[in-house]
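Notes for the one structure printed next.
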Amino acid sequence: MTRRLTTAQAIIRYLKAQHVARDGNRQAFFGGCFGIFGHGNVAGIGQALEEYPEFPYYLCRNEQAMVHTAAAFAKMSNRLRALACTTSIGPGATNMITGAAAATINRIPVLLLPGDIFARRNVAPLLQQLESSSTQDISVNDCFRPVSRYWDRIQRPEQLLAALPEAMRVLTSPAETGTVTLALPQDVQTQAFDFPEELFAERTWAVARNRPDACLLAEAAQWIRTAKRPLIIAGGGVIYSEGTDALASFAKVTGIPVGETQAGKGSLTFDHPQSVGAIGVTGTSASNKLAHEADLVIGVGTRYSDFTTASTTAFQNPTVRFVNINVVELDAAKHSALALLGDARVTLEELQGAIIGHAVSSTYACEIAKLRATWEKEVDRIYSRRIGPPLSQAEVIAILNSELQPRDVIVNAAGSLPGDLHKLWRTREPKSYHMEYGYSCMGYEIAGGLGVKMADPSREVYVLVGDGSYLMMAQEIVTAMQESIKLNIVVLDNHGFSSIGGLSRTCGSSGFGTEYRYRNNGEQIAVDFVANAASLGAHATRATTHDDLKSAIREFRDRKTTSVVVVETDFNDRVGSYDSWWDVAIAEVSTSVSVKDAYRNYEKARQNERRFWPQSG
Ligand SMILES: Cc1ncc(C[n+]2csc(CCOP(=O)(O)OP(=O)(O)O)c2C)c(N)n1
Ligand SMILES: [Mg+2]
């Protein structure tokens, strides 16, 4: 039995039939397709989407944004659901590259379907075609190769029989997932073929919970028993595996403290007795002190980015060693670790079973409790500070933290907010903190908020966005209005790049090029964000004082559509860092005294960077 369909129709029919199941819970994998049409896809994928309205199509405003939306949707769904993204050829396609990189780096599934140049070639060069004198087998879509976990170009309809299952295998694999790109030449999209009916049968992809090697698990248990100062680092893998309860129990029973990465924040509620909060460059005093002296680091579902390891300076115990629980071999092996290759949840459960009766010493437990209390006091101090107007960014965070419900979700990605939120946000529910910090991509915020809300419409979503990020990508407010997807957006207007301005100063420079000022008179550029947001269709208001912001947030809850509040914040009032350091390379020679000083300090600080070798017994 065959069915005669175009390549594009076959793709959409196939995507509609794909399901995933984990722990026996089965659901459709795709929530639909975002896109912008052009000559490269309108008559192919566009025609197919029109023919299959049960596979919903969403028109967005920018191709980069829709990939962020798709990634946020998948992240919020613990990678068990995804969205497809279709574009024309040329600029529509390459606009997705930033989003593709962000998804792959964050290990989040997205399916990209960029249009491509004619496979038959006779009419080349096409509008928007990249030409090469050395080959005709190239197009701008080859730029997706390094940022995709699976990349293919479909030159003949029947290649789908091999390509589509591979695409699904990678998308649904916890270890391999990321961006999958199927480049679709515009003529091939429209070509018909007699596809076997079996291709379109409902298929369920089992998302396995792999368990680690039993011998290595026993060895890891032994390492934990003999450790004096163990520390857990909880990464995104804890949350994606729905392992937060397993971690809470493991930490409670063993007394081992838990620091969280950006992707792992929310693994424990902030008031769990073993929660020491954010770790690394943007970490808490408690986490970072414990990391400094830890003799055993148990990394669960973490990539050990430089922000997590403070550029490898976080762990200074000379004999520190690592046990890494991860589904990805690359991550499990980092820092010469004893690698437990497996799903975070089941591995933690098995490990807990292997160390029954073991707990950290009472001296260590006391120290943890004290460090926790000191940190909580510090947050209270920062939360209760009142400056301005303009308000401090920390005060805005404090207001939101007290006004939001535990299940509400905050969304953020770049600027000075990620660091402040990582440290200060008191998380009360695992999926309530949504930070894109693998790529820290300005522009993710509003587009990502859309994906979060689509993944779980039952929750209020609060997008926190700096003025810089807003100016890069605010247009998806129109998409939110079009789809009646409600976002609550807080724009923090500090007239420029506070984060990079501060960084520039710590590098001995002057904040060069980081403030929004007119060239001719140096005056601040006052962008009217309220008018801007209102022009896109949102309800928009300004908050100047503490009380203004509080009442705006309260009022938003009862609104049905997207609202924006713009609050001016102080450019220079920053939350400090706590016993941590980040390697940002500084000019080795300069005529500036402050740059020379910064370089000297930098050279000294770099001496704390470590390479971790295997440690015996
Ligand atoms: C797409 C992109 N371009 C550049 C950067 C580098 N960068 C990081 S933060 C930042 C400034 C962000 O400004 P804003 O959103 O106003 O936040 P603020 O720093 O003021 O808190 C820049 C330019 C980035 N992360 N992403
Ligand atoms: Mg700013």
Side-chain angles (χ1 to χ4, degrees), residues 62-69 71-72 94-106 147 262 281-282 305-307 388-397 400 410-425 435-449 462-477 489-507 509 511-517 524-529 532-533 564-577 582 584-585:
N62 175 298
E63 292 91 350
Q64 178 188 327
M66 76 177 163
V67 186
H68 294 325
T69 301
T94 51
N95 263 356
M96 293 201 292
I97 286 174
T98 299
T104 291
I105 286 168
N106 284 292
V147 294
Q262 285 279 17
V281 178
T282 51
S305 81
D306 64 344
F307 260 76
L391 302 182
S392 73
Q393 180 159 287
E395 190 170 346
V396 173
I397 293 172
L400 288 167
I410 59 161
V411 181
N412 186 241
S416 56
L417 275 162
D420 289 358
L421 289 167
H422 194 209
K423 281 184 274 237
L424 301 178
W425 191 257
M435 180 69 67
E436 187 284 288
Y437 212 65
Y439 211 43
S440 187
C441 186
M442 289 171 75
Y444 178 91
E445 297 89 343
I446 294 171
Y462 293 81
V463 173
L464 279 71
V465 56
D467 53 324
S469 270
Y470 182 94
L471 287 174
M472 239 184 230
M473 205 166 276
Q475 75 293 332
E476 297 312 310
I477 289 174
I489 300 172
V490 183
V491 182
L492 289 90
D493 181 10
N494 54 22
H495 314 289
F497 306 158
S498 166
S499 51
I500 307 300
L503 183 60
S504 161
R505 288 192 173 83
T506 62
C507 297
S509 298
F512 177 70
T514 58
E515 291 181 42
Y516 292 157
R517 292 189 182 278
Q524 210 161 59
I525 301 172
V527 177
D528 190 341
F529 290 98
N532 183 283
V564 177
V565 58
V566 180
V567 53
E568 189 181 9
T569 52
D570 193 306
F571 187 86
N572 291 310
D573 186 85
R574 299 191 177 85
V575 182
S577 81
W582 187 32
V584 174

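Values in this document were obtained by computation on a predicted structure and should not be read as measured data. Just follow the structure's listing: the first ligand is 1, and inside any ligand the first atom is 1.
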(message) Using only atom types and a distance under 3.5 Å, with no angle test, would you say the side chain of Ser498 pairs donor to acceptor with the backbone of Phe571?
(response)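 Here the side-chain-to-backbone pair exists.
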(request) Check whether any side-chain N or O of Lys423 sits under 3.5 Å from a backbone N or O of Ser577 as a donor-acceptor pair, and report yes or no. (result) no
(request) For ligand 1, would you mind listing the residues that have at least one heavy atom less than 4.0 Å away, ordered by chain and number? (result)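 Contacts of ligand 1 under 4.0 Å: Gly415, Ser416, Ser440, Met442, Gly466, Asp467, Gly468, Ser469, Met472, Asn494, Gly496, Phe497, Ser498, Ser499, Ile500.
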(message) With 2.8 Å as the threshold, which protein atoms of type N, O or S lie near the Mg ion (ligand 2)? Leave waters out.
(response) Asp467 OD1, Asn494 OD1, Gly496 O
(message) Which residue is it: Val575, Leu464, Thr282? I am looking for the one with a side chain to side chain contact (heavy atoms under 4.5 Å, CB included) to Leu421.
(response) Leu464
(request) Indicate whether any N or O donor in one side chain lies under 3.5 Å from an N or O acceptor in the other, for Glu568 and His495. (result) yes
(request) Could you tell me whether the side chains of Gln393 and Ser416 share a donor-acceptor contact shorter than 3.5 Å? (result)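 Looking only at side-chain atoms, Ser416 and Gln393 do form a donor-acceptor pair, the distance falling under 3.5 Å.
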(message) Looking at every non-hydrogen atom in both residues, tell me the closest pair between Gly468 and Met442 and how far apart they are.
(response)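 What the structure gives for the nearest pair is C-CE, 3.5 Å.
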(request) Work out which heavy atom in Met473 is nearest to a heavy atom in Asn62; give both atom names and the distance. (result)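 For Met473 and Asn62, the tightest heavy-atom pair comes out as CE-OD1, 3.8 Å.
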(request) Can you measure from CZ (Arg505) to OG1 (Thr514) and round to the nearest 0.5 angstrom? (result) 6.0 Å
(message) Can you confirm whether Val564 sits close enough to Phe529 that some side-chain heavy atom of one is under 4.5 Å from a side-chain heavy atom of the other?
(response) no
